[in-house]
Amino acid sequence: MQTSLEMRSPADLRPAAPPRIPADLTPVPPEKGDVNRRLYRGVGAAYAWTDRLAWTPERWAAWTASVTTHRALAAVHGVPCEAGFFELAVQPRGTVEIVIFGLLPDYHGLGLGGWLLTRAIEEAWALHPDGTRRVWVHTRRLDGPAALPNYRARGLRPFDALVSALP
């Protein structure tokens with residue numbers, strides 16, 4: 001089952017507490033499609049992410065060079081360490097989608113997930129050239145067990161009929 005969530009105002013964002021370790025974001029340059037490939041595989045391996053596994057290096061490079069997609073890495077202790085990433089896609093009518101979001105298993109439990117999602121949502125609100133009016137994401141049962149609670153804790157709310165039975 002897929003759950004779709006949205007935020008309609010930046011005032012709805014409930015920022016997470018800072019992580020328990022020093023962390024920052026580092027943009028991924030367009031020519032670094034291999035970084036996104038490694039992170040996608042590393043983050044998604046435990047959750048059966050398969051959509052992009054067959055992509056060639058050229059397809060990864062083209063995706064990473066896309067002008068509508070922004071990526072970031074978590075850097076821990078000032079060192080880019082590929083701890084996690086997010087991808088944001090600018091869409092029509094003021095919408096920005098959080099396409100991919102996740103942390104590598106070694107970085108779970110350090111308070112990075114809420115912090116990284118806060119940063120992704122903040123960037124999404126500033127990203128759309130015509131002014132962002134909506135930030136949205138979808139998650140599914142195969143994603144990490146903290147995904148849906150993290151999205152909800154940051155202020156994202158379900159908007160489709162498939163989630164009406166969720167607690």
Side-chain angles (χ1 to χ4, degrees), residues 1-28 35-36 39-52 68-78 80-91 93-128 131-167:
M1 176 182 1
Q2 180 171 291
T3 302
S4 298
L5 303 104
E6 68 181 354
M7 186 178 289
R8 294 280 184 165
S9 168
D12 293 337
L13 175 60
R14 293 191 304 263
R20 292 186 284 284
I21 57 175
D24 203 355
L25 295 179
T26 304
V28 178
V35 173
N36 274 42
L39 285 165
Y40 178 86
R41 289 173 184 227
V43 171
Y47 309 116
W49 289 3
T50 59
D51 299 358
R52 301 181 186 183
T68 63
T69 304
H70 295 249
R71 295 134 307 266
L73 302 174
V76 179
H77 298 292
C81 62
E82 300 183 7
F85 76 128
F86 60 83
E87 295 178 349
L88 306 175
V90 175
Q91 299 172 336
R93 297 182 301 280
T95 297
V96 176
E97 178 186 2
I98 301 170
V99 179
I100 297 283
F101 175 85
L103 292 172
L104 291 168
D106 288 349
Y107 296 94
H108 291 187
L110 300 173
L112 288 169
W115 169 83
L116 188 61
L117 182 57
T118 297
R119 298 294 301 271
I121 293 169
E122 288 170 344
E123 185 173 328
W125 281 112
L127 190 59
H128 206 285
T132 303
R133 291 186 278 292
R134 176 177 177 249
V135 175
W136 77 282
V137 65
H138 61 268
T139 188
R140 55 193 177 135
R141 232 176 266 194
L142 292 176
D143 288 342
L148 185 58
N150 190 16
Y151 294 140
R152 287 182 159 183
R154 302 292 72 78
L156 290 151
R157 295 289 167 241
F159 71 88
D160 68 11
L162 295 176
V163 297
S164 60
L166 292 176

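Source: prediction; values computed, not measured.
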If I take atom [atom1] from residue [X] and atom [atom2] from residue [Y], how far apart are they, to the nearest 0.5 angstrom?
{"X": "T95", "Y": "L127", "atom1": "OG1", "atom2": "CG", "value": "12.0 Å"}
{"X": "R14", "Y": "M7", "atom1": "CZ", "atom2": "CE", "value": "7.5 Å"}
{"X": "E87", "Y": "R71", "atom1": "CD", "atom2": "CZ", "value": "6.5 Å"}
{"X": "T3", "Y": "L156", "atom1": "OG1", "atom2": "CG", "value": "12.0 Å"}

Taking H138's backbone N and O only, do any of them form a donor-acceptor pair with R140's side chain (distance below 3.5 Å, no angle check)?
no
What are the two closest heavy atoms between [X] and [Y], and how far apart are they?
{"X": "Q91", "Y": "E97", "value": "NE2-OE1, 2.8 Å"}
{"X": "W136", "Y": "S4", "value": "CZ3-OG, 4.5 Å"}
{"X": "P105", "Y": "G42", "value": "CD-O, 3.8 Å"}
{"X": "L39", "Y": "E82", "value": "CD2-O, 3.4 Å"}

side-chain contact (heavy atoms from CB on, under 4.5 Å) evaluation trace for I100 with R52:
CA-CA 11 Å; I100 297 283; R52 301 181 186 183; 3.5 Å; yes
Partner of T132 under side chain to side chain contact (heavy atoms under 4.5 Å, CB included), chosen from V96, I121, L88:
V96
Is there a side-chain contact (heavy atoms from CB on, under 4.5 Å) between L112 and I21 once you walk through the steps?
CA-CA 8 Å; L112 288 169; I21 57 175; 4.2 Å; yes
So do [Y] and [X] actually touch side chain to side chain, heavy atoms under 4.5 Å?
{"X": "D51", "Y": "Y40", "value": "yes"}
{"X": "L13", "Y": "R154", "value": "yes"}
{"X": "V35", "Y": "F85", "value": "no"}

May I ask you to establish whether R8 and F159 are in a cation-pi arrangement, using a distance under 6.0 Å from NZ or CZ to the six-membered ring centre and at most 45° from the ring axis?
no
Side chain to side chain donor-acceptor pair (under 3.5 Å): which pairs involve residues 103-124, sequence neighbours left out?
none
Before giving the answer on side-chain contact (heavy atoms from CB on, under 4.5 Å), spell out for L25 and L116 the whole-Å C-alpha distance, their side-chain angles and the decisive distance to 0.1 Å.
CA-CA 8 Å; L25 295 179; L116 188 61; 3.3 Å; yes
Evaluate the criterion side-chain contact (heavy atoms from CB on, under 4.5 Å) for residue pair V137 and Y151; output intermediate values, then yes/no.
CA-CA 8 Å; V137 65; Y151 294 140; 3.9 Å; yes
